[in-house]
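Here is the naming used below: chain letters follow the sequence lines, and residue numbers restart at 1 for every chain. What you see below is based on every heavy atom in this structure, not just the backbone, and it leaves out hydrogens, waters and symmetry mates.
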Amino acid sequence: MAKDFSTRAENYSQWYNDLVIKADLAENSAVRGCMVIKPYGYAIWERIQAVLDKKFKDTGHSNAYFPLFIPKSFFSKEASHVAGFAKECAVVTHYRLKNSPDGKGIVVDEDAKLEEELIVRPTSETIIWDTYKNWIKSYRDLPLLINQWANVVRWEMRTRLFLRTAEFLWQEGHTAHATREEAVREAETMLDVYADFAENWMAIPVIKGTKSPAERFAGAIETYAIESLMQDGKALQTGTSHFLGQNFAKAFDVKFLNKENQLDYVWATSWGVSTRLMGALIMSHSDDNGLVIPPKLAPIQVVIVPVFKTADQLDQISQTVLPLKKSLESKGITVKYDDRDTQKPGWKFSEYEFKGIPIRLTIGPRDIGQGTVEIARRDTLEKETVQLSDIEVKVLQLLDQIQQNLFDKALSFRESHTYRVDTWDEFKKVLDEKGGFILAHWDGTAETEEKIKEETKATIRVIPLNNQMEQGKCIYSGKPSTQRVIFARAY
RNA sequence: CGGGGUAUAGCGUAGCUCGGUUCAUCGCGCCUGCUUUGGGAGCAGGAGGUCGCAGGUUCGAAUCCUGCUACCCCGACCA
């Protein structure tokens, strides 16, 4: 299976595509630009959802659900928002089909034209703020802290599985607050939630920061983001959080009476992560042998492969394995015992390695005789034989070690691919020869950012939070600058 | 959406330049049997195809022409 699989060095994007398909995460569908997320891929997404959902609830949010369709007129209410999304909206114009007059197939019934077209949501700010208008009357109704898990559609020209698809799954939080300070704090809190999730669950180190005006969300005052570095030296935004100011409140007339009995517009935030996280997960840790999944997100953490020749031997092995499986499961570990006799052990080793299962235990007649188990870890591919009595402790330790090792490896990769650059020539050279994050001075203007993007394809990924202030000269214009920002080519 | 490429069995492919009893090739996978089983087993036999779709040229099309669709690469756009 892995034999006809590209390596990262040969062709990184082919490697990614092969991995997604061959590890059974997702595939292209009959619908252009849309993917089918297969059971194994969806199981990982469900883990992501479960962990994030708990974090949202723990920070006071509730889930709700808003419609897939948004009246066209809603979009025009916030000028920069509509400008940002207009070019990639799917539009519903009719509500009925009929048999084709020539008897062949089915056609749109032109008599069933909608009075007002409906937009398939590319994001839900407009429908949500139109709804919040009715929910918010007083400061007592605030803060309003809501999240929804949903699909959205953005009609992309070029798509790639998980990284950019026309339809994708995500969560979008939409909150309303009485004060500017509280809304900013909310946006920052959710950024922290995302960063914590990325680092401690996905084992992906991130840099928190704000976006430059050019990269800001359409309709936001400030966009925060976490940015991470993939193994090919390109950046991937792994989550965003927006301080929307009163833009949507004003566009949708959402006012509340404050404690002083005065009408005021509410302050808003929105924040989201998508199935793109799957892409980040794959590209951060996986290697030329296939997927590598961090233990805390792996749908199966431990797979047990028996080695046997006869049914009697399998029975004997199972007598050892089944209690072990149960015991591991009682400690919250997900275990799969693959006792199929239709595949050989070697085949199973490769299969589970390719799918990134963190730990594999092998038990054969030899082990039964000696009271041992072979334990293999996916991240380093190391194997050792341990006493059966020690295996539970070992598994628990190893899961933690693998989780930590993946993070450490990703962090040291990022650190060794982050460059401080002070001249334009060096900037272009590093970008072409090494990739990675480039810390460089920027004069703060959109014109310079645009020029740099045109000439090098690199964009400002983030202006790091709590950035160290430092006098310098803009890499491009030579004008004075007070801090370095992070440039990179990005997904 | 612009430029380039690709489309042959579940997957990967040969054949296409020069149309025709080498025309549907080979490998993996699949099925059956026997031998195997601690890193993707071996041998033997077998099943599986509207050659992407729709037209056209021709006595004859996987092969030539036109249109369409999908995918890949490079641009523009983006989570």
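- In the interface, the side chain of A/Q343 is not paired with the base of B/G40 through any donor and acceptor atom under 3.5 Å apart.
- Within residues 294-313 of chain A, the residues approaching RNA chain B are A/V307, A/F308, A/K309, by heavy-atom distance under 4.0 Å.
- Residues passing the side-chain contact (heavy atoms from CB on, under 4.5 Å) test with A/A410, sequence neighbours excluded: A/P205, A/H285.
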So what is the 5' to 3' dot-bracket string for RNA chain B, if pairs are Watson-Crick or G-U wobble with both distances under 3.5 Å, crossing pairs use [ ] and | means the partner sits on another strand? (((((((..(((.......[.....))).((((((.....)))))).....(((((..]....))))))))))))....

Distance-only donor-acceptor hits, side chain of residues 212-219 of chain A, under 3.5 Å, sequence neighbours excluded:
{"residue": "A/S212", "atom": "OG", "partner": "A/E449", "partner atom": "OE1", "Å": "3.0"}
{"residue": "A/S212", "atom": "OG", "partner": "A/E449", "partner atom": "OE2", "Å": "2.5"}
{"residue": "A/R216", "atom": "NE", "partner": "A/I221", "partner atom": "O", "Å": "3.1"}
{"residue": "A/R216", "atom": "NH1", "partner": "A/I221", "partner atom": "O", "Å": "3.4"}

Could you pull out all donor-acceptor pairs under 3.5 Å where a side-chain atom in residues 150-157 of chain A meets a protein atom, sequence neighbours excluded?
{"residue": "A/N151", "atom": "OD1", "partner": "A/R121", "partner atom": "NH2", "Å": "2.7"}
{"residue": "A/N151", "atom": "ND2", "partner": "A/E167", "partner atom": "OE2", "Å": "2.8"}
{"residue": "A/R154", "atom": "NE", "partner": "A/P122", "partner atom": "O", "Å": "2.8"}
{"residue": "A/R154", "atom": "NH2", "partner": "A/P122", "partner atom": "O", "Å": "2.8"}

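- Partners of A/T165 by side-chain contact (heavy atoms from CB on, under 4.5 Å), not counting sequence neighbours, listed by chain and number: A/M35, A/F168.
- When distances run from any side-chain atom of A/K453 to the nucleotides B/C77, B/G40, B/C73, the shortest one goes to B/C77.
- Scanning residues 369-391 of chain A for heavy-atom distances under 4.0 Å to RNA chain B yields A/E374, A/K383.
- Comparing the C1' positions of B/C64 and B/A79 gives a spacing of 46 Å, expressed to the nearest Å.
- Residue A/R360 is classed as a base contact, given a heavy-atom separation below 4.0 Å to a base.
- Checked against side-chain contact (heavy atoms from CB on, under 4.5 Å), A/K383 has the following partners two or more places apart in sequence or in another chain: A/R360, A/E374, A/A376.
- Under the rule for a ring-ring contact (aromatic ring centres under 6.0 Å, His included), A/F349 has no partner lying at least two apart in sequence or in another chain.
- Near RNA chain B, defined here as any heavy-atom distance below 4.0 Å, the residues from residues 232-242 of chain A are A/Q237, listed numerically.
- Side chain of A/K296 to main chain of A/N200: a donor-acceptor pair is present (N/O by atom type, distance under 3.5 Å, no hydrogens or angles).
- With sequence neighbours excluded, the residues satisfying side-chain contact (heavy atoms from CB on, under 4.5 Å) with A/D287 are A/R8, A/N289, A/V292, A/R378.
- In terms of phosphate contacts, A/S13 brings a side-chain nitrogen or oxygen within less than 4.0 Å of OP1 or OP2 of B/C73.
- Nucleotide B/G39 holds its C1' atom 13 Å from the CH2 atom of A/W347, rounded to whole Å.
- A/N289 has no side-chain polar atom (N or O) that falls below the 4.0 Å cut-off from OP1 or OP2 of B/G39.
- At least one side-chain nitrogen or oxygen of A/K344 sits closer than 4.0 Å to the OP1 or OP2 atom of B/A41.
- Of the residues in residues 164-173 of chain A, those lying under 4.0 Å from RNA chain B by heavy-atom distance are A/R164, A/T165, A/F168.
- Nearest to the side chain of A/K457, among B/G38, B/C72, B/G75, sits B/G75.
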